[in-house]
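The block underneath contains the structure these notes are about, expressed in structure tokens.
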Amino acid sequence: MELREMLDTIKPVDEGAREAAWKHWDAVAKPLRSLGLLEEAVVRMAAIERTEMVRLGKRAVVVMCADNGVVAEGVTQTGQEVTAIVAENMTRKATSVCQMAQVARADVIPVDVGTCRPLCEGVLDRCIRRGGTANMTQGPAMSREECLRAIQVGIDIVNQLKEQGYGLIATGEMGIGNTTTSSAIVSVLLDRDPGQVTGRGAGLSSAGLERKIAAIERAIAVNAPDPADPIDVLHKVGGLDIAGLVGVFLGCAAQRIPVLVDGFISATAALVATRLCPCVQDYLMASHVSKEPAGQMLLDALGLRPLLYGEMCLGEGTGAVAIMPLLDMALAVYHGMTTFEETNIETYVPQV
């Protein structure tokens, strides 16, 4: 199925289910809307799942792993080899997201969409371009066709997870240099100066930050990405990991699965997905606001409010996994609490 045909299958969420979920919340024996964004999250999931009886089922964090040729410009503190090392450590439950996912009862699914070398068993091999993307300061990071194939990887993985009974998907990534590619995409799509949307990533020095901003400026000048064409932007100044996440967001919307946006890189992919299909926005749930300069800008552009303000910027899907227990608690109240009618308490009504 061509991407355009697939986008046509994405439909708006169910407003009737949203209204029914709010009605149920308002009947629960507690002050109205007193759980704030937790109530809103349950209502959002009801609209996505098209039923007020929200059940999450199994949950997973899909971690797209890829390398980025722009690291040759000195935009990172560590070498490109770290991408492969961390991705393989995920198969041994030896990364931050793995430790957090055990608490959240989520499966971590690392996916190789373009790392510098083949990875060990346990990492899904969906490599589009061995060696990662090209140096975007010298030309397109990847071809348009490679970009579309990476998006399809994300869509296909979501389809498989749906068949396996997963009802909540978090987005994660691992790719040295991907805050640089994300900043480039955001600069173009939000029409912001690179200096406004570029941060230190994993601990860059001030000199390193200047190199990073300069690299983004060169990449945009050399490639002239068209902000009206999200695929043009993504293939010219993006990354394979981001493209794979775009597919995850699109696939979740098509399959009616709530999808958790992690931090800066994940939100960048979500922005691209919503530019391709505005309906995708209603399927997104923000976990936290990234510490990166463009973190709040992206959430504002997506019309999302996060559950956490933890100044997190680790990546891997850690922020998205962190809110899963909060969603479990919200659902415990939603399904388990008595109602005003059952407890013979006078129903709360909105006060003017």
Thr91 side chain near Val123 side chain, heavy-atom distance below 4.5 Å: yes
CE (Met312) and NE2 (His288) are apart, to the nearest 0.5 Å, by 5.5 Å
Are the side chain of Asp282 and the backbone of Pro12 linked by a donor-acceptor contact shorter than 3.5 Å? no
Roughly how far, to the nearest 0.5 Å, is the CG atom of Leu271 from the OG atom of Ser266? 11.5 Å
Same hydrophobic cluster for Met90 and Ile157, using side-chain heavy-atom links shorter than 4.5 Å among ILVMFWY? no
Checking Thr115 against Arg130: is there a side-chain donor and acceptor pair closer than 3.5 Å? yes
Shortest non-hydrogen separation from Val13 to Ala47 and the atoms involved: CB-O, 3.4 Å
Transitively linked via ILVMFWY side-chain contacts under 4.5 Å: Leu260 with Leu308? yes
Is the closest side-chain heavy-atom distance between Ile151 and Ile231 below 4.5 Å? yes
So, for Ile216 and Ser183, which heavy atoms are closest and what is the spacing to 0.1 Å? CD1-CB, 3.5 Å
Please round to the nearest 0.5 Å and tell me the distance separating atom OG1 of Thr318 and atom CD1 of Ile323. 12.0 Å
Heavy-atom nearest pair, Arg50 first then Tyr283, reads NH2-OH, 3.3 Å
Ser187 (side chain) donor-acceptor with Arg192 (main chain) under 3.5 angstrom: yes
Does Thr51 reach the main-chain N or O of Ala46 with its side chain, forming a donor-acceptor pair under 3.5 Å? no
Can you list the other members of the hydrophobic cluster that holds Leu209, where links are side-chain heavy atoms under 4.5 angstrom apart? Ile213
In sequence, state the C-alpha distance, the side-chain angles, and the governing distance for Arg92 and Glu88, and then conclude on side chain to side chain contact (heavy atoms under 4.5 Å, CB included). CA-CA 7 Å; Arg92 296 184 280 273; Glu88 291 184 330; 4.0 Å; yes
Is there side-chain contact between Val272 and Val233, with at least one heavy-atom pair below 4.5 Å? no
Could you verify whether a donor N or O on one side chain and an acceptor N or O on the other, from Asp67 and Thr83, lie under 3.5 Å apart? yes
Is a side-chain donor or acceptor of Glu39 paired with a backbone partner of Leu35 at a separation under 3.5 angstrom? yes
Using atom types as modelled and distance alone, determine if a side-chain donor or acceptor of Gln77 lies under 3.5 Å from a backbone N or O of Gly203. yes
Nearest 0.5 angstrom please: Gln160 CD to Ile155 CD1, how far? 12.0 Å
Ile242 with Ile220, same ILVMFWY side-chain cluster at under 4.5 Å: yes
Student check: side-chain heavy atoms of Val197 and Leu190 closer than 4.5 Å: no
Could you pull out the closest heavy-atom pair between Glu316 and Val97, with the gap in Å? OE1-N, 3.1 Å
Could you go through the side chain to side chain contact (heavy atoms under 4.5 Å, CB included) check for Met100 and Leu314 one step at a time? CA-CA 12 Å; Met100 295 170 71; Leu314 191 152; over 6 Å; no
Group every Ile, Leu, Val, Met, Phe, Trp and Tyr by side-chain heavy-atom contacts under 4.5 Å, then state whether Ile176 and Val63 land in the same group. yes
Evaluate the criterion side chain to side chain contact (heavy atoms under 4.5 Å, CB included) for residue pair Met45 and Met285; output intermediate values, then yes/no. CA-CA 9 Å; Met45 291 188 288; Met285 299 177 65; 3.5 Å; yes
Answer whether the closest heavy-atom distance between the side chains of Leu119 and Arg117 falls below 4.5 Å. yes
Could you tell me which non-hydrogen atom of Val222 sits nearest to which non-hydrogen atom of Gly139, and how far apart they are? CG1-N, 3.9 Å
Does Gln102 have any side chain to side chain contact (heavy atoms under 4.5 Å, CB included) partners at least two apart in sequence or in another chain, and if so, which? Lys93, Gln99
More than 12 heavy atoms from other groups under 6.0 Å of NZ on Lys291: no
Hey, mind stepping through Arg149 and Glu146 against salt bridge (charged side-chain N to carboxylate O under 4.0 Å, His left out) and telling me if it holds? CA-CA 5 Å; Arg149 285 170 56 202; Glu146 288 170 332; 5.4 Å; no
Please answer whether the main-chain N or O of Met64 pairs with a side-chain N or O of Glu173 as donor and acceptor at a distance below 3.5 Å. no
Would you say the side chains of Glu292 and Thr179 form a donor-acceptor pair under 3.5 Å? no
Find out whether Leu56 and Arg59 are in side-chain contact, i.e. whether some heavy atom of one side chain is under 4.5 Å from a heavy atom of the other. yes
When rounded to the nearest 0.5 angstrom, what is the spacing between CZ in Arg200 and OG1 in Thr198? 12.0 Å
Do side-chain atoms of Glu49 reach the backbone of Val54 as a donor and acceptor pair under 3.5 angstrom? no
With side chain to side chain contact (heavy atoms under 4.5 Å, CB included) as the test, would you mind laying out the steps for Leu250 and Leu3 before giving the verdict? CA-CA 10 Å; Leu250 295 176; Leu3 180 60; 4.0 Å; yes
My understanding is that only one of Asp262, Thr171, Val321 makes a side-chain contact (heavy atoms from CB on, under 4.5 Å) with Val61; could you say which? Val321
Does CZ belonging to Arg256 count more than 12 external heavy atoms closer than 6.0 Å? no
With a 3.5 Å distance limit and no angle check, can you tell me whether Asn178 reaches the backbone of Gly175 through a side-chain donor-acceptor pair? yes
Correct closest heavy-atom pair for Glu52 and Ala20 would be OE2-CB, 3.7 Å
Counting C-beta onward and ignoring hydrogens, is there a side-chain heavy-atom pair between Arg105 and Met324 closer than 4.5 Å? no
In terms of heavy-atom contacts, does CD of Glu311 have more than 12 from other residues, nucleotides or ligands at under 6.0 Å? no
With rounding to the nearest 0.5 angstrom, report the OG1 to CD1 distance, Thr181 to Ile265. 7.0 Å
Short side-chain to backbone donor-acceptor contact, Lys212 and Gly199, under 3.5 Å: yes
Using modelled atom types only, decide if a donor and an acceptor are shared between the side chain of Asn68 and the backbone of Val70 within a distance under 3.5 Å. no
Are Met174 and Ile169 co-members of a hydrophobic cluster defined by side-chain heavy atoms under 4.5 Å apart? no
Given side chains that start at C-beta, do those of Val259 and Leu284 come closer than 4.5 Å, heavy atoms only? yes
